[in-house]
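Have a look at the structure below before the remarks.
Here is how names work: the chains are called A, B, and so on, in the same order as the sequence lines, proteins then strands, and each is numbered from 1. Predicted model only: the values in this text are computed from it and were never measured.
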Amino acid sequence: MGDNRKITEKRNRSYRGREITVYWKPSACIHASSCYRELIEVFNPSRRPWVDMEGAPEERIIETVNLCPTEALTWKWNEEERNSDVDRAHTNHIKWRRPELYSQSGEDEDASSLTVRVLDEGPVMVEGSFSLICGGKSTIMKNTITSFCRCGQSKSQPYCDGEHRNIRFPEGETP
Amino acid sequence: MDRNKTVIEVIDGGPLKISGSICIVEKQGGKPEDKREVYLCRCGKSASKPYCDGSHNS
Ligand code: FES
Ligand code: FES
(Lines give C-alpha, C1' and ligand atoms only; values in the text may rest on other atoms or scores of the structure.)
(Ligands and ions follow the chains in the order given, each with its own letter.)
Protein backbone atom coordinates (compact mmCIF):
# COMPACT_ATOMS: atom_id res chain seq x y z
CA MET A 1 0.00 0.00 0.00
CA GLY A 2 0.95 3.65 -0.38
CA ASP A 3 3.74 2.56 -2.63
CA ASN A 4 6.14 4.85 -4.43
CA ARG A 5 5.43 6.04 -7.94
CA LYS A 6 7.94 4.90 -10.48
CA ILE A 7 9.42 7.33 -12.98
CA THR A 8 7.88 5.46 -15.87
CA GLU A 9 4.48 6.26 -14.46
CA LYS A 10 4.99 9.83 -15.56
CA ARG A 11 4.09 8.65 -19.02
CA ASN A 12 0.79 7.29 -17.82
CA ARG A 13 -2.29 9.05 -19.12
CA SER A 14 -5.96 9.11 -18.42
CA TYR A 15 -8.79 9.98 -20.77
CA ARG A 16 -12.02 11.11 -19.27
CA GLY A 17 -15.25 10.52 -21.11
CA ARG A 18 -18.82 11.27 -20.14
CA GLU A 19 -19.32 8.29 -17.85
CA ILE A 20 -15.99 6.52 -17.72
CA THR A 21 -12.28 7.28 -17.60
CA VAL A 22 -9.75 5.16 -19.44
CA TYR A 23 -6.24 4.80 -18.02
CA TRP A 24 -3.23 4.15 -20.20
CA LYS A 25 0.01 2.70 -18.86
CA PRO A 26 2.45 2.47 -21.77
CA SER A 27 5.06 0.51 -19.83
CA ALA A 28 2.62 -2.39 -19.54
CA CYS A 29 1.72 -2.55 -23.23
CA ILE A 30 2.85 -5.75 -24.91
CA HIS A 31 1.47 -4.77 -28.31
CA ALA A 32 -1.22 -7.38 -28.47
CA SER A 33 -3.01 -4.81 -30.66
CA SER A 34 -6.46 -5.85 -29.48
CA CYS A 35 -7.48 -2.25 -28.77
CA TYR A 36 -7.03 -0.80 -32.21
CA ARG A 37 -8.03 -3.94 -34.05
CA GLU A 38 -11.28 -3.83 -32.15
CA LEU A 39 -12.00 -0.11 -32.06
CA ILE A 40 -9.78 2.06 -34.23
CA GLU A 41 -12.27 4.91 -33.93
CA VAL A 42 -11.21 5.29 -30.31
CA PHE A 43 -7.77 3.73 -30.08
CA ASN A 44 -5.68 5.03 -32.92
CA PRO A 45 -1.93 4.85 -32.31
CA SER A 46 -1.17 7.20 -35.18
CA ARG A 47 -3.23 10.03 -33.78
CA ARG A 48 -2.51 12.40 -30.87
CA PRO A 49 -3.98 12.00 -28.38
CA TRP A 50 -4.29 8.41 -29.42
CA VAL A 51 -7.46 7.79 -27.41
CA ASP A 52 -10.60 9.60 -28.50
CA MET A 53 -13.37 9.05 -25.97
CA GLU A 54 -15.91 10.50 -28.39
CA GLY A 55 -15.08 7.97 -31.08
CA ALA A 56 -17.59 5.29 -30.04
CA PRO A 57 -20.28 4.59 -27.45
CA GLU A 58 -18.77 4.06 -24.03
CA GLU A 59 -20.07 0.48 -23.78
CA ARG A 60 -17.88 -0.37 -26.76
CA ILE A 61 -14.92 1.33 -25.15
CA ILE A 62 -15.42 -0.74 -21.99
CA GLU A 63 -15.65 -3.95 -24.03
CA THR A 64 -12.45 -3.09 -25.84
CA VAL A 65 -10.50 -2.10 -22.76
CA ASN A 66 -11.55 -5.40 -21.21
CA LEU A 67 -9.81 -7.19 -24.08
CA CYS A 68 -6.43 -5.68 -23.26
CA PRO A 69 -4.31 -8.61 -22.08
CA THR A 70 -2.29 -6.54 -19.63
CA GLU A 71 -3.07 -3.61 -17.37
CA ALA A 72 -1.94 -1.17 -20.07
CA LEU A 73 -5.55 -0.13 -20.53
CA THR A 74 -7.94 0.01 -17.62
CA TRP A 75 -11.13 1.93 -16.97
CA LYS A 76 -13.49 3.01 -14.24
CA TRP A 77 -16.80 4.79 -13.84
CA ASN A 78 -16.54 8.47 -13.13
CA GLU A 79 -19.27 8.07 -10.55
CA GLU A 80 -17.37 6.31 -7.75
CA GLU A 81 -20.32 4.40 -6.32
CA ARG A 82 -20.76 2.49 -9.54
CA ASN A 83 -17.25 1.07 -9.30
CA SER A 84 -18.00 -0.94 -6.20
CA ASP A 85 -20.28 -3.42 -7.96
CA VAL A 86 -18.30 -3.99 -11.13
CA ASP A 87 -17.92 -7.73 -11.48
CA ARG A 88 -15.14 -9.99 -12.65
CA ALA A 89 -16.43 -10.03 -16.25
CA HIS A 90 -14.90 -6.59 -16.48
CA THR A 91 -11.36 -7.85 -16.19
CA ASN A 92 -9.74 -4.57 -17.00
CA HIS A 93 -11.69 -2.53 -14.55
CA ILE A 94 -9.14 -0.57 -12.58
CA LYS A 95 -10.09 -2.32 -9.38
CA TRP A 96 -8.82 -5.70 -10.63
CA ARG A 97 -5.86 -4.57 -12.68
CA ARG A 98 -4.43 -1.53 -10.93
CA PRO A 99 -5.51 -1.73 -7.31
CA GLU A 100 -2.89 0.86 -6.46
CA LEU A 101 -4.97 3.40 -8.35
CA TYR A 102 -8.18 2.16 -6.88
CA SER A 103 -7.56 2.64 -3.21
CA GLN A 104 -11.19 2.60 -2.00
CA SER A 105 -11.18 -0.82 -0.41
CA GLY A 106 -8.46 -2.96 -1.83
CA GLU A 107 -9.66 -6.54 -1.89
CA ASP A 108 -6.40 -8.37 -1.59
CA GLU A 109 -7.99 -11.67 -2.31
CA ASP A 110 -8.56 -10.73 -5.92
CA ALA A 111 -5.16 -9.14 -6.28
CA SER A 112 -3.50 -12.37 -5.23
CA SER A 113 -5.15 -14.70 -7.72
CA LEU A 114 -3.24 -15.58 -10.84
CA THR A 115 -4.70 -14.36 -14.09
CA VAL A 116 -4.38 -16.87 -16.92
CA ARG A 117 -5.27 -15.75 -20.42
CA VAL A 118 -5.32 -18.11 -23.34
CA LEU A 119 -4.57 -16.11 -26.48
CA ASP A 120 -6.23 -17.21 -29.70
CA GLU A 121 -3.67 -18.97 -31.88
CA GLY A 122 -0.97 -17.94 -29.47
CA PRO A 123 0.52 -18.54 -26.06
CA VAL A 124 -1.04 -18.62 -22.65
CA MET A 125 -0.24 -15.52 -20.72
CA VAL A 126 -0.07 -15.59 -16.94
CA GLU A 127 0.06 -12.64 -14.67
CA GLY A 128 0.60 -12.52 -10.96
CA SER A 129 2.76 -14.29 -8.45
CA PHE A 130 3.42 -18.01 -8.47
CA SER A 131 6.00 -20.73 -7.96
CA LEU A 132 7.29 -22.15 -11.19
CA ILE A 133 8.34 -25.76 -11.24
CA CYS A 134 10.32 -26.61 -14.34
CA GLY A 135 12.93 -29.30 -14.91
CA GLY A 136 12.94 -30.22 -11.25
CA LYS A 137 13.67 -26.67 -10.12
CA SER A 138 11.29 -24.40 -8.29
CA THR A 139 11.47 -20.63 -8.67
CA ILE A 140 9.36 -17.95 -7.05
CA MET A 141 7.99 -15.49 -9.58
CA LYS A 142 6.56 -12.30 -8.19
CA ASN A 143 4.20 -9.94 -9.99
CA THR A 144 5.31 -11.28 -13.31
CA ILE A 145 3.76 -11.39 -16.73
CA THR A 146 5.00 -14.21 -18.87
CA SER A 147 3.74 -16.34 -21.71
CA PHE A 148 4.01 -20.07 -22.14
CA CYS A 149 4.04 -21.77 -25.52
CA ARG A 150 0.89 -23.69 -26.49
CA CYS A 151 1.78 -24.58 -30.04
CA GLY A 152 4.70 -26.86 -29.19
CA GLN A 153 7.07 -25.13 -31.61
CA SER A 154 8.90 -22.57 -29.48
CA LYS A 155 12.66 -22.95 -29.35
CA SER A 156 12.78 -21.56 -25.84
CA GLN A 157 10.37 -23.91 -24.13
CA PRO A 158 8.38 -23.60 -21.99
CA TYR A 159 8.09 -19.96 -23.01
CA CYS A 160 6.60 -18.60 -26.20
CA ASP A 161 9.21 -17.17 -28.56
CA GLY A 162 6.80 -15.99 -31.24
CA GLU A 163 7.32 -19.08 -33.39
CA HIS A 164 3.54 -19.72 -33.43
CA ARG A 165 3.25 -16.93 -35.97
CA ASN A 166 5.25 -18.91 -38.52
CA ILE A 167 3.12 -22.01 -38.40
CA ARG A 168 -0.54 -22.74 -38.87
CA PHE A 169 -1.60 -22.78 -35.26
CA PRO A 170 -3.07 -26.19 -34.54
CA GLU A 171 -6.20 -24.57 -33.15
CA GLY A 172 -9.44 -26.46 -32.88
CA GLU A 173 -8.19 -29.35 -34.94
CA THR A 174 -10.24 -32.38 -34.20
CA PRO A 175 -9.01 -35.84 -34.98
CA MET B 1 1.20 -12.42 2.78
CA ASP B 2 4.03 -13.44 0.51
CA ARG B 3 2.99 -17.05 0.31
CA ASN B 4 2.78 -18.21 -3.26
CA LYS B 5 0.06 -20.77 -3.10
CA THR B 6 -0.27 -20.72 -6.83
CA VAL B 7 1.99 -23.16 -8.61
CA ILE B 8 2.74 -23.51 -12.30
CA GLU B 9 4.36 -26.79 -13.17
CA VAL B 10 5.83 -27.46 -16.59
CA ILE B 11 5.31 -31.18 -17.06
CA ASP B 12 8.02 -32.60 -19.23
CA GLY B 13 6.51 -33.81 -22.50
CA GLY B 14 3.07 -32.93 -21.19
CA PRO B 15 0.84 -30.07 -20.20
CA LEU B 16 1.22 -26.99 -18.04
CA LYS B 17 -0.33 -27.63 -14.67
CA ILE B 18 -1.58 -24.57 -12.85
CA SER B 19 -3.00 -24.93 -9.38
CA GLY B 20 -4.04 -22.53 -6.67
CA SER B 21 -6.20 -19.49 -7.02
CA ILE B 22 -6.65 -18.93 -10.74
CA CYS B 23 -8.77 -16.66 -12.81
CA ILE B 24 -8.73 -18.03 -16.35
CA VAL B 25 -9.92 -16.51 -19.60
CA GLU B 26 -10.11 -19.42 -22.03
CA LYS B 27 -10.68 -17.41 -25.17
CA GLN B 28 -9.87 -13.83 -26.04
CA GLY B 29 -12.82 -11.72 -25.07
CA GLY B 30 -14.24 -14.62 -23.09
CA LYS B 31 -15.60 -14.55 -19.60
CA PRO B 32 -13.10 -15.00 -16.76
CA GLU B 33 -13.69 -18.05 -14.61
CA ASP B 34 -12.26 -18.87 -11.23
CA LYS B 35 -10.62 -22.27 -11.06
CA ARG B 36 -8.46 -24.25 -8.68
CA GLU B 37 -6.56 -26.45 -11.08
CA VAL B 38 -6.08 -26.63 -14.85
CA TYR B 39 -3.92 -28.62 -17.25
CA LEU B 40 -3.19 -26.60 -20.37
CA CYS B 41 -2.00 -28.27 -23.58
CA ARG B 42 1.56 -27.37 -24.54
CA CYS B 43 1.99 -29.72 -27.48
CA GLY B 44 -0.61 -28.26 -29.81
CA LYS B 45 -2.30 -31.62 -30.38
CA SER B 46 -5.18 -31.61 -27.94
CA ALA B 47 -8.67 -31.67 -29.40
CA SER B 48 -10.06 -29.86 -26.39
CA LYS B 49 -7.80 -26.85 -26.28
CA PRO B 50 -6.76 -25.02 -24.28
CA TYR B 51 -6.85 -28.10 -22.07
CA CYS B 52 -4.70 -31.20 -22.35
CA ASP B 53 -6.60 -34.31 -23.46
CA GLY B 54 -3.70 -36.72 -23.31
CA SER B 55 -2.90 -36.47 -27.04
CA HIS B 56 0.69 -35.52 -26.22
CA ASN B 57 1.33 -39.21 -25.66
CA SER B 58 0.42 -40.15 -29.20
S1 FES C 1 2.70 -20.36 -28.70
FE2 FES C 1 4.19 -18.89 -29.25
S3 FES C 1 5.81 -20.14 -29.87
FE4 FES C 1 4.33 -21.60 -29.32
S1 FES D 1 -0.02 -31.42 -23.71
FE2 FES D 1 -1.43 -32.96 -23.42
S3 FES D 1 -2.55 -32.93 -25.23
FE4 FES D 1 -1.09 -31.36 -25.55
Discussion item. Using the side chain to side chain contact (heavy atoms under 4.5 Å, CB included) definition, which of the options A:Val118, A:Asp120, A:Leu67 pairs with B:Gln28?
Written reply: A:Asp120
Worksheet item: Mind checking whether A:Trp24 and A:Ile62 sit in one hydrophobic cluster, side chains of I, L, V, M, F, W, Y counted as touching below 4.5 Å?
Response: yes
Discussion item. Please classify the contact between B:Ile22 and chain A as side chain, backbone, both or neither, with a heavy-atom cut-off of under 4.5 Å.
Written reply: both
Output side-chain donor-acceptor pairs under 3.5 Å for residues 52-60 of chain A, partner residues at least two apart or in another chain, one line each.
unit_1	atom_1	unit_2	atom_2	d
A:Asp52	OD1	A:Glu54	N	2.9
A:Glu58	OE1	A:Glu19	N	2.8
A:Glu58	OE1	A:Ile20	N	3.2
A:Glu58	OE2	A:Arg18	N	2.8
A:Glu58	OE2	A:Glu19	N	3.4
A:Arg60	NH1	A:Glu63	OE1	2.7

Worksheet entry | Which portion of B:Leu40 sits near chain A, non-hydrogen atoms under 4.5 angstrom | side chain
Worksheet item: Using a heavy-atom distance cut-off of less than 4.5 Å, which residues of residues 51-58 of chain B contact chain A?
Response: none
Worksheet item: Pick from B:Glu26, B:Lys31, B:Lys35: which one has the most heavy-atom pairs with chain A under 4.5 Å?
Response: B:Glu26
Response to the item:
Closest non-hydrogen atoms of A:Arg88 and B:Pro32, given as atom of the first, atom of the second and distance, are O-CG, 3.0 Å
Worksheet item: Taking only residues at least two apart or on different chains, which pairs with a member in residues 126-141 of chain A satisfy salt bridge (Lys or Arg N to Asp or Glu O under 4.0 Å)?
Response: A:Arg97-A:Glu127
Discussion item. Distance check, rounded to the nearest 0.5 Å: B:Leu16 atom CG versus A:Cys149 atom SG?
Written reply: 10.5 Å
Item to complete: Report whether A:Leu119 and B:Val25 are members of the same hydrophobic cluster (ILVMFWY, side-chain heavy atoms less than 4.5 Å apart, transitive linking).
Response: no
Worksheet entry | Name of the residue among A:Leu114, A:Val116, A:Thr146 meeting side chain to side chain contact (heavy atoms under 4.5 Å, CB included) with B:Ile8 | A:Leu114
Worksheet item: Do A:Val22 and A:Val86 share a hydrophobic cluster, counting only Ile, Leu, Val, Met, Phe, Trp and Tyr and linking them when any side-chain heavy atoms are less than 4.5 Å apart?
Response: yes
Discussion item. Are B:Val38 and A:Phe148 connected into the same hydrophobic cluster when the rule is that any two of I, L, V, M, F, W, Y join if their side-chain heavy atoms are below 4.5 Å apart?
Written reply: yes
Practice prompt. For side chain to side chain contact (heavy atoms under 4.5 Å, CB included), just list the numbers for B:Arg42 and A:Arg150, CA-CA rounded to whole Å, side-chain angles, deciding distance to a tenth of an Å, and then say yes or no.
Written response: CA-CA 4 Å; B:Arg42 295 201 303 127; A:Arg150 293 201 302 126; over 6 Å; no
Worksheet item: Could you give the distance from OG (A:Ser131) to CD (B:Glu9), rounded to the nearest 0.5 Å?
Response: 11.0 Å
Worksheet item: What parts of residues 151-166 of chain A touch chain B if we use heavy atoms and a cut-off under 4.5 Å?
Response: A:Cys151, A:Gly152, A:Gln157, A:Pro158
Practice prompt. Count the heavy atoms of every other residue, nucleotide or ligand shown that sit under 6.0 Å from OH of A:Tyr15, and state whether that count exceeds 12.
Written response: yes
Worksheet item: Which answer fits B:Lys27, side chain, backbone, both or neither, if we ask what part of it has an atom under 4.5 Å from a heavy atom of chain A?
Response: both
Worksheet item: Are A:Ile94 and A:Ile61 grouped together when hydrophobic residues (ILVMFWY) are joined by side-chain heavy atoms under 4.5 angstrom apart?
Response: no
Worksheet entry | Heavy-atom contact with chain A under 4.5 Å, split by part of B:Ile18 | side chain
Item to complete: Please state whether the side chain, the backbone, both or neither of A:Thr115 comes within less than 4.5 Å of a heavy atom of chain B.
Response: both
